[in-house]
There are 2 protein chains.
Amino acid sequence: MKPPSEKSAGRRKSRPSFEPLQPHEIELADFFVRMAGILGVPRSVAEIYALLYVSSGPLDFDHIQGRLGMSKGSVSQGLKFLRGHEMILSVKEKGARRERWQPTPSLAASLVALLRSQVLPALEQAQPGLQRVLADAQQRAAQPEVIERLTRLNRWNSRALELAPLLLPPPGA
Amino acid sequence: MKPPSEKSAGRRKSRPSFEPLQPHEIELADFFVRMAGILGVPRSVAEIYALLYVSSGPLDFDHIQGRLGMSKGSVSQGLKFLRGHEMILSVKEKGARRERWQPTPSLAASLVALLRSQVLPALEQAQPGLQRVLADAQQRAAQPEVIERLTRLNRWNSRALELAPLLLPPPGA
DNA sequence: GCCTAGGTTCAAAAATTATTGAAACATCAG
DNA sequence: CTGATGTTTCAATAATTTTTGAACCTAGGC
């Protein structure tokens, strides 16, 4: 908690104060936070996205920080995450110092990209291991049922890897 | 670390000792753990599932606890979770006291069920809120772009809710 | 009924993950 | 180059989640 008196504090520089979130904004943020939670995306990231999503124009760093009342560090990391997953775009007006952010047009595409980035690496990394596990089981002449399971798992993994690039072209294509 | 000397400790009752996981089992467990992590399923649950998945027959409580070296509490909660999501089945031989567990036949179905159980409630709960947020925006005559976004979000939500029961019939159908 | 194997619960401890904020860095106007 | 604004980094802290284990149920055999 910080001292709430910020009325006529520092006139110079006029640190602008921002409104806290409105009820309708909170509602939307809650929704995004919950959905994000399922994918293990931290609350702060979801809140930033939600704010940009309901806002009329692009917002700059300070607005985001001010309205959500979170630290600089969190805002910076949150924007980095969203940028990295191509969920937001910067709209820098020429001659302006600061960047302003808005959501990318398609939330659907954003979600797919996000999923991709989480699932694909795991699938890729697992590929050789899974094959080895199966080979191992065959060599040990394990129960047919187990071999069957492991075979199916391998097929799945391969198919997922084949399909993935179709679902959404990789970041540079 | 526990004292490794458990050779001729207590003859009566013969507390059976279990082998630690073999390399191939560890590999598979790692895979499941990583995948589960994406959905926020705890490591211990994924490990239990993985163990049942590579094992030739159904395993009982003590085997699971012993081979994974985890506490009773974790095993109990893990089985509860897996049971609740219909990812495992109990095979109780008649005349036997203890239950023995094995994975349900379709991992795919299990995954869908798991997703459903996480996503659906969120969608349902959000429905009225999202509609309110949209109405609110329309009333405030917000930017067309924002209204457009919120409209699409609502459409999505509704469609997802309609489609859900088709994807997999609800637990009792 | 009483006892015991088998399992669950849940508060406390441990592990993990997210957030903060101050210092460091970058970039641009002058 | 200099100074200020705008942003990132990251170690420390806070919050959250997971695991543990001991006390507590519960059903079945005797």
Side-chain angles (χ1 to χ4, degrees), chain A residues 1-3 10 12-16 18 29 32-34 36-51 58-84 88 90-101 118, chain B residues 1-2 10 12-16 18 29 32-34 36-49 51 58-84 88 90-101 118:
Chain A
M1 318 314 172
K2 72 178 72 167
R12 268 184 19 89
K13 185 55 55 185
S14 80
R15 187 122 17 98
F18 297 94
F32 279 118
V33 166
R34 208 185 316 252
I38 293 174
L39 288 175
V41 173
R43 150 177 297 267
S44 63
V45 173
E47 285 180 347
I48 294 174
Y49 188 85
L51 176 59
L59 300 186
D60 67 31
F61 197 104
D62 287 355
H63 277 255
I64 297 170
Q65 183 183 359
R67 298 228 42 216
L68 294 174
M70 64 175 59
S71 70
K72 274 178 157 205
S74 286
V75 174
S76 177
Q77 290 193 173
L79 289 176
K80 182 180 186 178
F81 179 98
L82 292 168
R83 237 184 289 137
I88 59 175
S90 113
V91 181
K92 186 148 55 179
E93 279 163 24
K94 73 168 184 180
R97 212 43 156 10
R98 18 183 66 203
E99 308 212 63
R100 301 168 72 225
W101 301 94
Q118 305 222 164
Chain B
M1 317 314 169
K2 73 177 71 164
R12 271 185 16 89
K13 185 56 57 185
S14 82
R15 186 122 20 92
F18 298 96
F32 279 119
V33 166
R34 210 186 313 253
I38 294 173
L39 288 175
V41 173
R43 150 177 297 268
S44 63
V45 173
E47 284 181 346
I48 294 174
Y49 188 85
L51 177 59
L59 299 186
D60 67 29
F61 197 105
D62 287 355
H63 276 256
I64 297 169
Q65 182 184 358
R67 298 229 40 219
L68 294 174
M70 62 175 61
S71 68
K72 269 178 150 208
S74 286
V75 174
S76 177
Q77 292 193 173
L79 289 176
K80 182 181 186 177
F81 179 98
L82 291 169
R83 238 184 289 137
I88 58 175
S90 112
V91 181
K92 185 150 56 179
E93 278 163 25
K94 71 170 185 180
R97 211 56 147 16
R98 17 184 65 205
E99 308 213 64
R100 302 168 71 226
W101 302 95
Q118 305 224 163

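Proteins get letters first, then strands, A, B, ... in listed order; numbering begins at 1 in each. The figures that follow rest on heavy atoms only: side chains count, while hydrogens, waters and symmetry mates do not.
Whole-Å rounding puts the I64(A) CD1 to dG6(D) P distance at 14 Å. Following rounding to the nearest Å, E47(B) (CD) and dT20(D) (C1') show an atom-to-atom distance of 15 Å. Distance NE2 (H63(A)) to C1' (dT5(D)): 15 Å, rounded to an integer number of Å.
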Show me, pair by pair, the donor-acceptor contacts under 3.5 angstrom made by side chains of residues 65-72 of chain B, not counting sequence neighbours?
residue, atom, partner, partner atom, Å
Q65(B), NE2, M70(B), O, 3.4
R67(B), NE, E19(B), O, 3.0
R67(B), NH1, E25(B), OE2, 3.1
R67(B), NH2, P20(B), O, 3.2
R67(B), NH2, E25(B), OE1, 2.8
S71(B), OG, S74(B), N, 3.2
S71(B), OG, S74(B), OG, 3.4

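Checked against side chain to side chain donor-acceptor pair (under 3.5 Å), S76(B) has no partners two or more places apart in sequence or in another chain. With sequence neighbours excluded, no residue satisfies ring pair (Phe, Tyr, Trp, His ring centres under 6.0 Å) with F61(B). For the side chain to side chain donor-acceptor pair (under 3.5 Å) test, no residue two or more places apart in sequence or in another chain qualifies with Q77(A). R83(A) is linked by a side chain to side chain donor-acceptor pair (under 3.5 Å) to nothing, counting only residues two or more places apart in sequence or in another chain.
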Sequence-aligned protein contact record of nucleotides 7-24 of chain C, with B where the base is within under 4.0 Å of a protein heavy atom and S where only the sugar-phosphate is: BBBB-------SBBB---

